[in-house]
Amino acid sequence: MSRILIVDDERSMRRILSSNLAQDNHTVAEADGLTEARARLSAIQFDAVITDQKMADGQGLDVLACAREVDPALSVVFLTAYATVELAVESMRKGAFDFITKPFQPEVVRATARRACEHTWLLRENNLLKLTVNRL
């Protein structure tokens, strides 16, 4: 079971995403913007973050930076209606796992969330193995 944080200022979008992700038995937490996302990321270890770009108190790029600061292995997926090639390129350059545009297909989001969580687990396991080998 994975823990996923959804960051979006639209309550209805958070609810739709939560409902879809719950079908795969993910534990889902929600944040309505950057401030709440920071608090949640500091309190709980998540396996993936799905974030919108434009929110009242910040941007998805800010959420990405915060997530990478808290846990460099954490996979962040952008899900936004404000998709531009420039934003997609910038987010991927800064370490985003994937970029999906709204409107979205639920099965695409679910598959991307599964892959993002698996990616996070692999990075964490790799880091743990490196630490173990270095101690020998």
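Across every non-hydrogen atom of S75 and A116, the tightest pair is OG-O, 3.0 Å. When all heavy atoms of N20 and P106 are compared, the closest pair comes out as OD1-CB, 3.5 Å. Nearest heavy-atom pair across V49 and V7 is CG1-CG2, 4.1 Å. Closest approach of A31 to A37, counting heavy atoms only: CB-N, 3.6 Å. In this structure, R110 and L21 approach most closely via the heavy-atom pair CA-CD2, 4.3 Å. Listed here is the closest heavy atom pair of A67 and V76: CB-CG2, 3.7 Å.
Side-chain contact between L87 and L61 is present, with at least one heavy-atom pair separated by less than 4.5 Å. For the pair L5 and I50, the minimum side-chain heavy-atom distance is 4.5 Å or more. In this structure, the side chains of S18 and I6 come closer than 4.5 Å at one or more pairs of heavy atoms. Using a 4.5 Å cut-off on side-chain heavy atoms (C-beta onward), L17 and L79 make contact.
To the nearest 0.5 Å, atom CG of residue L64 and atom CD of residue E69 are 11.5 Å apart. Put simply, CG on D57 and CG on L34 are 5.0 Å apart, with the number rounded to the nearest 0.5 Å. Between the CD atom of E10 and the CD1 atom of I16 there is a distance of 9.0 Å, given to the nearest 0.5 Å. In this structure, F46 CZ and D71 CG are separated by 11.5 Å, a value rounded to the nearest 0.5 Å. To the nearest 0.5 Å, atom OG1 of residue T80 and atom CE of residue M13 are 9.5 Å apart. Taking CH2 of W121 as the reference point, atom CG of L128 lies at 16.0 Å (rounded to 0.5 Å).
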Practice problem: Go through the steps for I100 and Q105 under the test side-chain contact (heavy atoms from CB on, under 4.5 Å), then give the verdict. | Solution: CA-CA 9 Å; I100 303 171; Q105 296 177 331; over 6 Å; no

Exercise. Determine, stepwise, if the pair L74 / H119 fulfils side-chain contact (heavy atoms from CB on, under 4.5 Å).
Key: CA-CA 8 Å; L74 183 57; H119 184 256; over 6 Å; no

Exercise. Take N127 and R124, measure what side-chain contact (heavy atoms from CB on, under 4.5 Å) needs, and give me the verdict at the end.
Key: CA-CA 5 Å; N127 289 336; R124 288 177 180 159; 5.6 Å; no

Practice problem: Would you sort out whether M92 and F97 count as a side-chain contact (heavy atoms from CB on, under 4.5 Å), showing the intermediate values? | Solution: CA-CA 7 Å; M92 299 303 276; F97 177 77; over 6 Å; no

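Classification of R38 and D62 as a salt-bridged pair fails, no side-chain N sitting under 4.0 Å from a carboxylate O. No salt bridge links R14 with D8; every basic N to acidic carboxylate O contact stays at or beyond 4.0 Å. Salt bridge present: K102 and D52 bring a charged side-chain N and a carboxylate O closer than 4.0 Å. Salt bridge absent: E118 and R114 never bring a charged side-chain N and a carboxylate O closer than 4.0 Å. Between R11 and E30, no side-chain nitrogen of the basic residue sits less than 4.0 Å from a carboxylate oxygen of the acidic one, so the salt-bridge criterion is not met.
Although no hydrogens or angles enter the test, the distance criterion places a donor-acceptor pair under 3.5 Å between the side chain of N134 and the main chain of K130. Q53 contributes a side-chain N or O that, together with a main-chain N or O of G60, makes up a donor-acceptor pair within less than 3.5 Å. A donor-acceptor pair under 3.5 Å links the side-chain atoms of E36 to the main chain of D32, judged by distance alone.
Side chains of D47 and T120: no donor on one and acceptor on the other come within 3.5 Å. Side-chain atoms of R3 and Q45 form no donor-acceptor pair, as typed in the model, at a separation below 3.5 Å.
Ring orientation note: the planes of F99 and F78 are close to parallel, at an angle under 30° on the 30°/60° scale.
I44 and V63 fall within the same hydrophobic cluster, defined by Ile, Leu, Val, Met, Phe, Trp and Tyr side-chain heavy atoms under 4.5 Å apart, directly or through other members. A continuous path of hydrophobic side-chain contacts links V77 to V28 [ILVMFWY only; heavy atoms under 4.5 Å].
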